[in-house]
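Here is the structure we will look at, set down as structure tokens.
By convention in this document, chain letters (A, B, ...) are assigned in the order of the sequence lines, proteins followed by strands, and residues within each chain are numbered from 1.
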Amino acid sequence: MKLDNIYQEEKKSNFAKVSEIIITMASRPSGFIGLSILIFHVILAFISPYIAPYDFKAINPTLMLQAPSAEYWFGTDDLGRDVFTRTILGGRTALTITFFGSLIALLWGGLLGIFCGLVGGKTDDIVMRIVDAFLSIPWILAMLLIVSLLGTSTEVLIPALGFFYGKGIVRVARAATHDVIAKDFIVSARARGHSNFSIIWNEIIPNVRDAILVEGAMRWSWMLLGFSSLSFLGFGVSPPTPDWGLMISNARGLMSFAYWSVIAPIVGLSSLIIGINLTADAFAKALGIDRSTKAPV
Amino acid sequence: MTEIIQKVKNLSIGFKSKKGEEILILRNISTNIKKGETVGIVGESGSGKSTLALAMMGYVKHGLYTIGGECEFNSSNLLKMKNRDLEKIRGRKIAMIPQNAGQALTPNLKIGYQIDEALQLHSDLEEKEREQKISELLNKVRLPSPETIALRYPHELSGGQQQRVAVAMALAGTPDLLLLDEPTTGLDVTTQAHVLELLNFIAKDTGTSMVYVSHDLGAIAQVSDRIIVMYSGEIVLEGPSRDILKKPIHPYTYGLLKSIPKLSLAGLPQSMPGSQPQPGTMHRGCSFFDRCNFSEEKCKNNSPQLEYLEKLNTSVRCFNHKSLMNDSQVNQTVNKIKTSLQDKEILNLSEVSISYAKQKLLDQVLNRISDDNPTVKDININIKKGETIALVGESGSGKSTILKSIAGLLRTKGGIIKFDQKRNLSSDLKERDPNDLRIIQLIFQNPDESLNPNHTVEEIIAQPLKLYFGLKGEELKKNIIDLLQKVRLGEFYMSRYPRQLSGGEKQRVAVARAFAAKPDIILCDEVTSALDVSVQAAVLNLLQQLKEDFGTTYIFVSHDLAVVRAISDRVAVLYQGRLCEVGPSKDVYQFPSHPYTEVLLGAVLEPDPDIKPKLVAEDIVEEKPPQKGCSFQGRCSRILGDICKNEVPPWQITSSGNSIRCHIPLKELQKVQIN
Ligand SMILES: Nc1ncnc2c1ncn2[C@@H]1O[C@H](COP(=O)(O)OP(=O)(O)O)[C@@H](O)[C@H]1O
Ligand code: SF4
Ligand code: SF4
Ligand SMILES: [Mg+2]
């Protein structure tokens, strides 16, 4: 048999699979740029506390609104704090909260979507209606309500964001499951008498996983934008913690004469969102998924 | 010499692999299509037949490119032509009819409108003339009452009618060349025979040249004057239809013809080993070498050239064609099947009826099904242990529906399914205990759908072993290897994913999975329909072998009467969810027959130009079974009148034990109505 020779592809380890996907992603210019930006931000988030040149909360009235200089690369803000220090530290909270928020969104959205897709019928209808009803409330209003009731701690923000951004994932997971359950291998598993749990775990998840992960990656960039908007409105991170949304909000009045205090956080935030976006896109392409969700930017 | 319409010269088409290698799909094809002739191109999936047909209208699929050669039409090369010039030719001079006409028609536009569009595009007729032309075209493709058909939407027509509309649209531009890519694949046997007959008529009537692409030698035999046999992107045999079918001088064609089940022969056809090499895996030497029964040492490293034999007007690509020339009567030898029929009955269906009707709220609350005209009704069949019983009928006749209920996947409306003459099986999975689930296993039509693409072969076969027998570790592995051996696959297949297997190999894995449960009964739903003919015989032989080894009982669903003839002991004929005839295969395939069986048998296409299908009933499609009377009354050409319309016909039993359900007395049925 000659087929053997070309198909002598051994079962790959998970590590090999993941590195293959990353290599495929990086082989496209847009994927390479996206990955580089994302990795840069993640590394920065890890090392920034150690490389920050100044104390991020040291207020010094004599240094108010200094223009960029050799000493203060990005200048200082209205309280005399170093903008460079605050910028490299400003992504940490946002990145962490939205990363875990996305995980929660993936988990509940993915599982509920798969469940609805699998059981179908009345239960599916009812659950989807409830999800829709909940989420037809403008998310920002709902978030404002939640944080004003429960505070702006991480323990509140992560699940709240995770909840609101899971809706899109429910839909994607449900649609992907619908495509899969029509296949004969599911009918076959049913006829053999496998439990619903076994069918979900062995038959469905391996086939919908990719679509859900891609959607999750996309939601991450949406969530980042949403979280920064909250901070901007003063409902995210509380001062003096450095945060891009907060920095943009504080400095926006000074834009006309102290542009430096606002440009740095804007560049930080938008580059991260673009980075995640491009990465998610490349991820989808590397997995061969046709993504329909639009990017937030 | 007659005028040549299209000249294909040294055509090679291919693509670049990920590694940058050039991989050939078509290798140096040359042939001529003459005016007025119908050329059949036959080959298994992946042999390049569709690529060739598309190139004949100057189209190369996305991702492929022309490596060399040309397709000359009206002395210009279509493959070099600008799109604007091609548009003037396509539809007008060269028209194409796709496989799935239903998808090619625009769903929200009326049939008449779509034909009119084609006419405006491809002819210069005035409005009044066009109006007339539309009904003329619809008449020509023999659609009933053109005036009403023109006002319908595509979804209101049956598959056969849609295919006819596609033919009418193709004829709108009065083309010189008509390309048909698997135009009848996917249609019912009866419909297929009608469409082929129509194409024959059109060819004669209009003098259009046709290129008919199909994997089905039976269909090709009915229409072609000349046949081109393709294998691995090459022409291996080309010549007059009759010679090729009666005296094939290429080993591939020879083997192919032998592997096709025929109505006239009971028993399994001989199978051809192996499968066609994938593009890009071709090595030196003859591409058929691995599977060839006539190969010699020199075939291994030398590629045979296409050789033209003046005397036979045939071209053949084989070093050894002379040895076939002398003894190549395809007088088929078949492997007679042994039956290990026991007297014990293993499954009894009595009065089974099944409904798909949406249930009213009250019925849902009371958890009952009410429908006075269910999809499937009055099914009484007693199945003996070790027997292969076939359910045959056109699509929609309820074959799969019955299998689903036996498997517990679909609740019955009424009736009893009894196993081993002891236990009643519920048709609801949840009410069956695990052992009752184990004893009945399913094999599906399309292994692409029935094997999880993300599981390896090992994981696929492990599932039932773990579930039913709790096997683990070494023992599990040993069992998997054992099963793979039983379906003639090596141990190294364990780590493969389904996408790395050929169609036949995938179906073997599905068979192994079914046998892993050590079932008593296996339900086979069109298990060979998605396979290439050369592979089909091998899978049928495998199923037969396994059955003899394990004493399994098969319920075998198929629309292909020749396949059923080959493998089954007994046949049950279904129309609209009602049984028409049940009996031993050899008797069902002989007269007297139920009028519907007669229609089905008449429509079977044999790869023999001398056996023409006999068209008895119209190929209309009925939406629902009739409320009362005989289920076949709507299409029966022997209908007796009111009695058939009002009274359910009685079962009549012939001397050989064949049961026929018809009002016509057996003696009358014996008189064959068609000949
Ligand atoms: N899920 C379904 N819902 C409603 N009707 C169905 C469904 N599946 C099949 N049918 C109908 O039941 C009839 C029998 O179908 P089927 O058992 O698939 O026939 P076969 O296997 O003989 O082609 C057809 O009229 C078909 O349209
Ligand atoms: S050339 Fe040799 S291997 Fe090829 S078909 Fe002829 S006999 Fe067989
Ligand atoms: S009972 Fe009447 S309608 Fe039915 S098959 Fe016999 S003759 Fe035809
Ligand atoms: Mg079916």
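Atom CG of B/N452 is separated from atom CD1 of A/I204 by 9.5 Å, given to the nearest 0.5 angstrom. Rounding to the nearest 0.5 angstrom, the gap separating the CZ atom in A/R190 from the CG atom in B/L429 is 8.0 Å. To the nearest 0.5 Å, atom CG of residue B/L467 and atom CG of residue A/N202 are 10.5 Å apart. Here the NE2 atom belonging to A/H194 is positioned 4.5 Å from the CD atom belonging to B/Q463, to the nearest 0.5 angstrom.
Residues B/E449 and A/A182 share a closest heavy-atom pair of OE1-O, 4.4 Å. Nearest approach of B/P453 to A/F185, heavy atoms of both residues: CD-CE2, 3.6 Å. When all heavy atoms are compared, the tightest approach of B/L442 to A/A191 is CD1-CB, 3.9 Å. When all heavy atoms are compared, the tightest approach of A/S188 to B/F444 is CB-CE1, 3.5 Å.
Comparing B/R513, B/E458, B/Q441, B/R438 by heavy-atom pairs within less than 4.5 Å of chain A, the highest count is held by B/R513.
Within 6.0 Å of atom CZ in A/F32, 12 or fewer heavy atoms from other residues, nucleotides or ligands are found, so the atom counts as exposed in its surroundings. Shown here is B/Y468, whose OH atom has more than 12 heavy atoms of other residues, nucleotides or ligands within 6.0 Å. The neighbour count for B/E491 CD, taken as heavy atoms of other residues, nucleotides or ligands under 6.0 Å away, does not exceed 12.
In this structure, chain A has heavy atoms under 4.5 Å from both the backbone and the side chain of B/P464. Contacts of A/V187 with chain B are made by both backbone and side-chain atoms, with heavy-atom separations under 4.5 Å. Residue B/R432: no heavy atom, backbone or side chain, is found under 4.5 Å from chain A.
A/N196 meets the side-chain hydrogen bond (donor to acceptor under 3.5 Å, both in side chains) test with no other residue; sequence neighbours excluded.
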